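Right, one structure below, let's go through it.
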Protein chains: 2
Amino acid sequence: MGNLTIKDIAKVAGVSYSTVSRALSGAPGISSATRERILKICDEKGYRANALARSLINKKTNVLGLIVPEVTNPFYSELSLEIETYARELGYNIMLCNSLNDHERTDELFNFLLSHRVDGILHASSRIYSADMLKNYSSSIPFILIGTAPAECNSILNTISTDNYEGGRIAAKYLLSLGHRDIFYMGYRKGSTSHQLRLLGFNSVMENAGLKPVILENPSNGSSISRGYDLCRKIFSKPFRQTAMFAATDSMALGALQAAEEYHISIPGDLSLLSYDNTIFSSLPGISLSTVDQRKQALAHAAVDLMMHLIEHPYNDQHTHQLISPSLVLRNSCRELTSGT
Amino acid sequence: MGNLTIKDIAKVAGVSYSTVSRALSGAPGISSATRERILKICDEKGYRANALARSLINKKTNVLGLIVPEVTNPFYSELSLEIETYARELGYNIMLCNSLNDHERTDELFNFLLSHRVDGILHASSRIYSADMLKNYSSSIPFILIGTAPAECNSILNTISTDNYEGGRIAAKYLLSLGHRDIFYMGYRKGSTSHQLRLLGFNSVMENAGLKPVILENPSNGSSISRGYDLCRKIFSKPFRQTAMFAATDSMALGALQAAEEYHISIPGDLSLLSYDNTIFSSLPGISLSTVDQRKQALAHAAVDLMMHLIEHPYNDQHTHQLISPSLVLRNSCRELTSGT
DNA sequence: TAGTTTGTTGAAAACGTTTTCGAATTCATT
DNA sequence: AATGAATTCGAAAACGTTTTCAACAAACTA
């Protein structure tokens, strides 16, 4: 393509190309007369600086890598839009990649981003990664895990996540406050640190009240609607005494709704349903789930802010672990238990 | 950062750096013995080629720009995941940008992508752009509009879209086949060429049957749930004789559901609802919309395939306009009208 | 007037690759 | 043993920028 270079501009302006560079970068050491003149020529000719050459010499691309499991998951699409918008305000662009929750692919993406010399990598994931993998990632570039890392990684990793322990507590407290005593905890995923903490928080409140939830474990790798559906079908097909259910994600909750419809279980009439995530799903008409909000915007801002800090202070070995406090969003899927059981 | 270069590798291997380059690129003119030796060293030392330098000299980045209105819109998130996955298979990476349907921002993004010397730009949008703007985009780089352009742009632009005219026809035929005669067309957006065609197709079938739909126009810029809700509230608040409604997008249909719930209008009992898009929304439990599928995967493949062609044949002035045939997906939001009115 | 400072510009090196060209080595052929 | 072809490699230019350094002119100081 006939892309103009700085030399072409220099030729028509009758100056050396270093002068053009100075005019464009706003560097000092050039008279404002020639600067104006050169900028005008650039504008007329439609010159566009080559970001590759610029980055090559500056050792700075102003691009951040963002790895998410899947943009089709509303939680991650909402998060990534927040991150992109805020990063752009600060002069950074986002290279968005879908890991599909696959280790091998994640590795590939990581290498891709590194060879493109992005200035930093944000990795959003609820999956548990091996310490080795995370260590490898974190050692070569400013790196932030949006999510919860295994404890052994805390000294080598920056993390930002919602306070899942607190989120679990909030959920349990709310259900107890409505008078529920027999409660399902549906969709617990062993392979996710954030899920572990969420359950721990939930249990801590329950134990305090001398109670225990019935845990329905999700054996698979991701939280999909169909998994929630499968789990709930099993228990809805027989009578049960529980009056409330906490679903570990919005997707799981949707699956529960589907199963409830099939078995003519009214929500919240027969069963109160509390969810976690506050994605667009939970506010849909006919759904209207009460849910624990992960505050994606706060998460996004904190992540980008920290990334800016890491980029500006590359030799800082401190690793931070920020927790964003979740909040409760009430809609119409939970009801107070009337005293007569 | 201590990033290794080709020269570092050359030094430890005791060869010139051109030899290392040859080993890495798989070029001929090097003995397999030294190649093996060099590759082993690269592996051990963790060398990662600098894609910027490579692209600078090759004039090829293997990156495609993708501009969508918002990833949080399920239609675009599903489309972009399909595009990313397929492009990656073909050795290309995607730089995903959200235009937020804003002209100025779109221009910025476009300039950003150009200065990063992406190999091509895919622009997904249902918004009508000025011919000048599109001309400008299309002239400087392989460019594909995923959507429908104004007719005057056909000679300067490559486009790929679902056949909206046919989609409109399919929708109308289906509703007629169920016996409906009085029909709402809800959510028509003047500012979108694809919406215009959709309506044209719909009307062509209706006229043939001597009928006319009642058009509820969406005056705003995007199709959101709340707009559909607003439109439907107005008409649901009074009695109406229509027995079916076609919603121009899934989001609009969700708004209709919400309004219907509020006014105790049963769907499909009192009103059959047919939608357009087949996003994940339409298959959600308790929603289950019959809808016209835009076949996002076919769309994505066609777009990427065409882009590959454009990149390989840069001096081809032919402009193509591919249409993907939509298909009907039946769920539970439409019912057959019993003959006794 | 000579010397010093200040302001403006150009030449050239650098960033990390790929690729062209020519030189050196190996190997077969006579 | 000498010639030629084939193979393997290194030197250097190129990609489009930024930045350092030196050169030069103009303006000030004494």
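Quick note on labels: first sequence line is chain A, next is B, and so on, each numbered from 1. No experiment lies behind these values; they were computed from the predicted model shown.
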Considering every strand and a 4.0 Å limit on heavy-atom distances, what is the contact class for B/Thr34: base, sugar-phosphate, or nothing?
sugar-phosphate
Send over the distance from B/Ile9 CD1 to D/dC9 C1', rounded to a whole Å.
18 Å
Roughly how many Å is it from CD1 in A/Ile6 to C1' in C/dA12, rounded to a whole number?
15 Å
Donor-acceptor side-chain pairing of B/Asp305 and B/Tyr86 below 3.5 angstrom
yes
Mind calculating the distance between NZ (A/Lys60) and P (D/dT17) to the nearest angstrom?
19 Å
Check against salt bridge (Lys or Arg N to Asp or Glu O under 4.0 Å), A/Lys296 and A/Glu82:
CA-CA 8 Å; A/Lys296 290 172 284 284; A/Glu82 294 286 355; over 6 Å; no
For a quick test of reading the model: is some side-chain N or O of B/Tyr17 closer than 4.0 Å to OP1 or OP2 of D/dA13?
no
Checking contacts here: which listed nucleotide (C/dC15, C/dA12, C/dT18) is nearest the side-chain heavy atoms of B/Asn58?
C/dT18
Counting any heavy atom closer than 4.0 Å, what does A/Ile30 reach on the DNA or RNA strands: base, sugar-phosphate only, or nothing?
sugar-phosphate
What is the distance, to the nearest angstrom, from the CG atom on A/Leu4 to the C1' atom on D/dG16?
12 Å
Identify the residue among B/Arg295, B/Gln322, B/Gln294 that makes a side-chain hydrogen bond (donor to acceptor under 3.5 Å, both in side chains) with B/Thr162.
B/Gln294
With a 4.0 Å limit, can you tell me whether B/Arg54 has a side-chain N or O closer than that to the phosphate oxygens OP1/OP2 of C/dG16?
no
With a 4.5 Å cut-off on side-chain heavy atoms, are A/Val71 and A/Tyr76 touching?
no
When rounded to whole Å, the NZ to C1' distance for the pair B/Lys7 and C/dT17 reads 10 Å
Classify A/Ser18 by what it touches in the nucleic acid, base, sugar-phosphate, or nothing, heavy-atom distance under 4.0 Å.
base
Could you give the CD1-to-P distance, from A/Ile38 to C/dT8, as a whole number of Å?
13 Å
Could you state the CG-P distance from B/Leu52 to C/dT18, rounded to the nearest angstrom?
13 Å
Give the nucleotide from the list D/dC9, D/dT18, C/dT9 with an atom nearest to the side chain of A/Arg22.
C/dT9
Under 4.0 angstrom between A/Lys59 side-chain N/O and C/dG16 OP1 or OP2:
yes
Side-chain N or O of A/Ser21 less than 4.0 angstrom from OP1 or OP2 on D/dT17?
no
So what does A/Ala49 hit on the nucleic acid, given a heavy-atom distance under 4.0 Å: a base, only sugar-phosphate, or nothing?
sugar-phosphate
Just call it for A/Thr5: base, sugar-phosphate, or nothing, with non-hydrogen atoms closer than 4.0 Å on any strand.
sugar-phosphate
Which is more 5' along DNA chain D, the nucleotide nearest B/Leu56 or the one nearest B/Val15? Just name the residue.
B/Val15
Is there a side-chain contact between A/Ser25 and the phosphate of D/dT18, meaning an N or O under 4.0 Å from OP1 or OP2?
no
Euclidean distance, atom CD1 of residue A/Ile57 to atom C1' of C/dA13 [Å, nearest integer]:
9 Å
Parallel, tilted or perpendicular: which describes the rings of B/Tyr137 and B/His123, with under 30° parallel and over 60° perpendicular?
tilted
If only atom types and distance count, is the side chain of B/Ser161 paired as donor or acceptor with the main-chain N or O of B/Leu323 below 3.5 Å?
no
Find which nucleotide of DNA chain D each of A/Asn50 and B/Ser16 is nearest to by heavy atoms, and output the residue with the more 5' nucleotide.
B/Ser16
Once hydrogens and angles are ignored, does a donor-acceptor distance under 3.5 Å link the base of C/dG16 to the side chain of A/Arg117?
no
